[in-house]
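Quick note: numbers below take in every heavy atom, side chains included, and nothing from hydrogens, waters or symmetry partners. Here is how names work: the chains are called A, B, and so on, in the same order as the sequence lines, proteins then strands, and each is numbered from 1.
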Protein chains: 2
Amino acid sequence: MNPGKLQIVPLGGLGEFGMNCMALRWGDDIIVIDAGLMFPESELLGVDIVVPDIGYLLENRDKVRAILLTHGHEDHIGGLPWILSELNLPVFGTEFTLALVEGKLEEHGLLDSAQLNEVKPNERFRIGSFLIHPIRVTHSLVDCVALAIHTPLGVVIHSGDFKVDPTPTDGNLFDLHQFAEYGKERALLLLQDSTNVERPGYTPSERAVRPRFEEVFTRSKRRLFVSCFSSSIHRIKLVAEMAFEHGRKLALVGRSINEATEIAQDLGYVNIPEGTLIHPGQIRDFSPERVCVLISGTQGEPMSALSRAAVDNHKHAKIEPGDTVVLSSRIIPGNEKAIYRMIDHLYRRNANVIYEDGAGSPVHVSGHASQEELRLLINLVRPKYFVPIHGEFRQLRRHAELAASMHGAVGSVMMMESGDVLEIDELGARKAGRVTVGRVCIDSGSSSDVVEDLIIRDRRHLSEDGIVLPIIAINKLTGLVESIPEIVMRGFAAAGIENGFFSEAREVIGRTLEQSSREEKADYGVIKEKIRQDLKRFISKNTSRRPLIMPVILEI
Amino acid sequence: MNPGKLQIVPLGGLGEFGMNCMALRWGDDIIVIDAGLMFPESELLGVDIVVPDIGYLLENRDKVRAILLTHGHEDHIGGLPWILSELNLPVFGTEFTLALVEGKLEEHGLLDSAQLNEVKPNERFRIGSFLIHPIRVTHSLVDCVALAIHTPLGVVIHSGDFKVDPTPTDGNLFDLHQFAEYGKERALLLLQDSTNVERPGYTPSERAVRPRFEEVFTRSKRRLFVSCFSSSIHRIKLVAEMAFEHGRKLALVGRSINEATEIAQDLGYVNIPEGTLIHPGQIRDFSPERVCVLISGTQGEPMSALSRAAVDNHKHAKIEPGDTVVLSSRIIPGNEKAIYRMIDHLYRRNANVIYEDGAGSPVHVSGHASQEELRLLINLVRPKYFVPIHGEFRQLRRHAELAASMHGAVGSVMMMESGDVLEIDELGARKAGRVTVGRVCIDSGSSSDVVEDLIIRDRRHLSEDGIVLPIIAINKLTGLVESIPEIVMRGFAAAGIENGFFSEAREVIGRTLEQSSREEKADYGVIKEKIRQDLKRFISKNTSRRPLIMPVILEI
């Protein structure tokens, strides 16, 4: 009988959407799976990203051996700079995942010191007491893996994010056989993605959007703009292929789309035929029916390329009557108003707008497994213990119910939330206390120093934080600003504020307003973000301080 | 040849969601169809409701003859108190619609002076140059009508809100024949609801939820909570019937559900068998499997009965393990986070939660016509001119496209937005300028005086408005408030603020926080609303002022 205990310690992502991070511990060996971020709720004003509290890892810093990454989405790798700056651990991931990580670490000046180790699906490696076996899975991103982790008590399978796509665009199939192999003798524990547990049936393949795209490319008589998540490498590949097939030049507009496409090209996931790619500045050199623009900004983010194009405020991407705009993405809850506002602007420019509205064949498909795929993986792996991961509480609960109804395939189902410790030994599995978890809010701003300057965690008192509220009164009828902007501050006195500060800050806001179009001023999301950014730059330059800046629009 | 001109002047609801209001003018006669409100976007902080600017009606006050109501939803009647307090016009509506209006006017002290006129479907009446013919339509509410308005140039048909429900629960059928009659010689103009234009096919009947309800009532072993929009009279009727059939007592919890049910009972739409209804205080007197609770709060509104029950903060509605909670409503975009947070709380209490998630048979159906129903009405009416109404710009555009593709059935399609004037004469139809429209923000607060105190429209300067920002720092890990609440004010000095004001206001916030549970404090939507309400009461009592109050939570 093995006297050891295996501990599963989720540090984020169980009971909340995003910032996925989980520790596995056997004796003096701790490994960490994923290091994600979450995007803040609107209530957390002035915060740009949120990462998990890694107090547990810091307390056990001499035991933590490595971070293993399942894939390169922000909710799985976005917290890496923050963790690595506290704990410089070896990082293991696939080629594509590491390429995304490299860009991220470089931005934060951490690349030189980072220890990145490439892994390949089906090539096993050892870390302390653990033998790790990455297994190829399919997802909306490429080069994704699940992890089979051999422990002295048995095999733990962490699904990562996945769907079972029978026809992925890159031809890299979901490795059903490896999962089946582990199921022969039952896995010890399956940790499975809960994101789409509310959806019945199967999630369609990445190829399922092709018919709709074929139709759009065929019918568009003028410029064609396609917007997708920059991480949708399958989608980018498809658009590049179809642009070439339909004799259109391809322009990439927006930083995130450019970066993602460059990496995907370097690693052979996207192959843009010679002569197809043009610079955004060349868009006007070609007749409209010969141009396709892949553009960032599916979520109506106020400063994104597509949002700016929609209000005619982008240098290269001009939307003209008869152009077609395809939003090949889902609407992330909370973004509806911003997205529909952007769609309205596009329609006002007399563009044809194609978006996922439940009608017709899909223009976007999800990357996460629906109920039948979740059941399939459970049946393949036949785990003794099952824990739903990656989801809000209701999703974990429904996933637990789904698994619990699969008699024969699953032994026991355990519900855990971030911070709960699951302990497994020869006698069984049980919850064994909690560790400290939490959310650390980061104002990613412009500074490259993640830790010392940006973390608001230690801003214990408001008087240190400082908050600045520019207040602008806009007349809804005329769109005019009705008074000189007011600026309310609190806990932000300190150095650098002289007599002229207020009037200068007001001038900054005044300039921002002057340089904004009527449409932008009517779109409070846009105008608030512009004011926030300009004022941030001004305050940072003049005071070296980084108060929360929270523009308030009063409609009068 | 008739030398007159007919003008169609939408004052709200075209290019925006809600506050539906439209004027029709012939010579010196103006009639107004509907007088709705809209719920403000989150950017309009501190504003409770938004109503259309009626400057056009005020400028022509000697010509405005009446307000005609199509049905009793807030986005069609919610602006009435505001309009009637400026212009005491005769109001025409069906019995049920007027019953809802009465309650509303009574609240605002306007009922005694109001001129309410009941109309019946198919009973025509004359107002100035117009002959009005209300036609029965089906919708999620009862007693709804479309209006056929006979003008010297022909018949204008305003659809109101509708779907074509072949099996409404009240047996009052959509009057296809009257529409067909008008189509024989083509109507002049059809103004048609665009809300669901993005949905292909047919909207299911109100009866379509019955199978799922039957299953839930049969399978629930303990208390059954059902939440629906208080205006869903069909749904309330169904729940009352099924409670009786399944031997459960029915308790009504929440003000809006009680009021709506009372009206529906008075008018014979809902018939609760003797002995079925119990007072909420009696819930505990019956064994759990014999109780059904109809409860307000489908949208996770912070102060609603269901939200409070979900965090165990409702006197009568206690959710216990094994109870079932049915959310029989749609998720209004923007409310996802609040709703899912509430669902999580319910799951944490070990309730079974049933909500519309796209799986299984529906637990809610829409009240608006999908594409095939829109096409059906167009084919019945065969209008010379078609204008889409009730929708955001993209919906109007798509509705215009849908109609324009119906060659033969439709003459010309015109796109209009609120404020555009459509002019029709013997020569044709054209846009003829614009009138002033806009949004008037109202802080509905506690005062009964709509006009003088509440309208922030004339608060031309921030210094008059005043804004109060209570700032609370909450430690995410512990849920504890980390510092004494700060209060930032601007433009709110004036009378009544003495030395003790700030410390007293802080004490008010302190008490609110003390009296809130840990779960409430973790739910920023709830805690902000509680602070806002308590502080508003305190400030109003001590200063007779009504500044905008905007609580800010800082997570540290």
Check your understanding: Can you name the ring-ring contact (aromatic ring centres under 6.0 Å, His included) partners of B:His399, sequence neighbours left out?
Key -> B:Phe386

**Study point:** Carboxylate-amine/guanidinium contact B:Glu417 A:Arg348, below 4.0 Å
**Key:** yes

Point to revise | Residue pair A:Val353 / B:Arg394, side-chain heavy-atom distance below 4.5 Å | key: no

Check your understanding: Does B:Ala338 have any side-chain contact (heavy atoms from CB on, under 4.5 Å) partners at least two apart in sequence or in another chain, and if so, which?
Key -> none

**Study point:** Flag if over 12 foreign heavy atoms under 6.0 Å of CZ, A:Phe393
**Key:** yes

**Study point:** Verdict with supporting geometry, B:Asn350 and A:Arg397, side-chain hydrogen bond (donor to acceptor under 3.5 Å, both in side chains)
**Key:** CA-CA 10 Å; B:Asn350 285 303; A:Arg397 173 62 65 92; 3.1 Å; yes

Point to revise | Residue, of A:Asp344, A:Asn335, A:Ile331, that accumulates the most heavy atom pairs under 4.5 Å with chain B | key: A:Asp344

**Study point:** B:Arg398 side chain reached by A:Tyr347 side chain, heavy atoms, under 4.5 Å
**Key:** yes

Practice item. Look up atom CZ in A:Arg341 and atom CD in B:Glu392, then write down how far apart they are to the nearest 0.5 Å. Key: 9.5 Å

